[in-house]
*Asks:* 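Have a look at the structure that comes next, please.
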Amino acid sequence: MADVSVKINDNGPYVISGDVTIVDVEGKKLSWTGSAVALCRCGESTNKPFCDGTHNKAGFSSEVRG
Ligand code: FES
């Protein structure tokens, strides 16, 4: 089994570590540098699906609102 972890950052992205392949809607493999990749969950990144740090400027909150 692959050793992959997904860290859910407070008010930030999902950070995936390990041997993982990410593909776009057409099945094209996406590439990145480093041993981990941060995926946007705020919807504001200009480099989706990757996080570009815009969540900070956008004031993204991961707080669940009922
Ligand atoms: S979570 Fe970082 S830009 Fe969206």
Side-chain angles (χ1 to χ4, degrees):
M1 181 193 303
D3 186 15
V4 174
S5 68
V6 179
K7 181 180 181 206
I8 303 169
N9 283 333
D10 199 23
N11 304 323
Y14 299 115
V15 178
I16 302 172
S17 301
D19 186 17
V20 63
T21 300
I22 299 174
V23 296
D24 67 12
V25 295
E26 297 171 345
K28 178 184 161 198
K29 287 184 182 180
L30 302 179
S31 62
W32 63 90
T33 58
S35 59
V37 61
L39 297 180
C40 177
R41 69 177 172 139
C42 76
E44 300 294 332
S45 174
T46 58
N47 189 30
K48 294 181 186 82
F50 304 110
C51 170
D52 67 357
T54 303
H55 58 270
N56 289 317
K57 189 167 43 178
F60 173 67
S61 172
S62 57
E63 179 181 331
V64 176
R65 297 186 179 103

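FYI, the numbering just counts along the sequence from 1.
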*Asks:* Report all side-chain donor-acceptor pairs from residues 49-58 shorter than 3.5 Å, counting only partners two or more places apart or in another chain.
*Replies:*
residue	atom	partner	partner atom	Å
Asp52	OD1	Thr54	N	3.0
Asp52	OD1	Thr54	OG1	2.5
Asp52	OD2	Thr46	N	3.0
Asp52	OD2	Thr46	OG1	2.8
Asp52	OD2	Thr54	OG1	3.2

*Asks:* To the nearest 0.5 Å, what is the distance between CG (Asp10) and CZ (Phe60)?
*Replies:*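 Asp10 atom CG to Phe60 atom CZ measures 9.0 Å (nearest 0.5 Å).
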*Asks:* Kindly compute the distance separating CG (Asn47) from CH2 (Trp32), expressed to the nearest 0.5 Å.
*Replies:*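 These two atoms lie 12.5 Å from each other.
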*Asks:* Is there side-chain contact between Pro13 and Cys40, with at least one heavy-atom pair below 4.5 Å?
*Replies:*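 No, too far: nothing below the 4.5 Å cut-off.
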*Asks:* Please confirm whether the backbone N or O of Ile22 pairs with a side-chain atom of Lys29, one donor and one acceptor, at under 3.5 Å?
*Replies:*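 Checking the backbone N and O of Ile22 against the side chain of Lys29, no donor-acceptor pair under 3.5 Å is found.
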*Asks:* Please determine whether residues Leu39 and Ile8 belong to a single hydrophobic cluster, defined as Ile, Leu, Val, Met, Phe, Trp and Tyr linked transitively by side-chain heavy-atom distances below 4.5 Å.
*Replies:*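 Linked, Leu39 and Ile8 end up in one cluster.
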*Asks:* Kindly compute the distance separating OG (Ser35) from CG (Asp19), expressed to the nearest 0.5 Å.
*Replies:*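 Nearest 0.5 Å value for the OG-CG distance: 11.5 Å.
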*Asks:* Around atom NZ of Lys7, are there more than 12 heavy atoms of other residues, nucleotides or ligands at under 6.0 Å?
*Replies:*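 No.
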*Asks:* Is a side-chain donor or acceptor of Arg41 paired with a backbone partner of Tyr14 at a separation under 3.5 angstrom?
*Replies:*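 No.
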*Asks:* Enter the distance from Leu30:CG to Asp24:CG here, rounded to the nearest 0.5 Å.
*Replies:*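 Interatomic distance, Leu30 CG to Asp24 CG, rounded to 0.5 Å: 5.0 Å.
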*Asks:* Set out, in order, the CA-CA distance, both residues' side-chain angles and the distance that settles side chain to side chain contact (heavy atoms under 4.5 Å, CB included) for Val15 and Val6, then state yes or no.
*Replies:* CA-CA 6 Å; Val15 178; Val6 179; over 6 Å; no
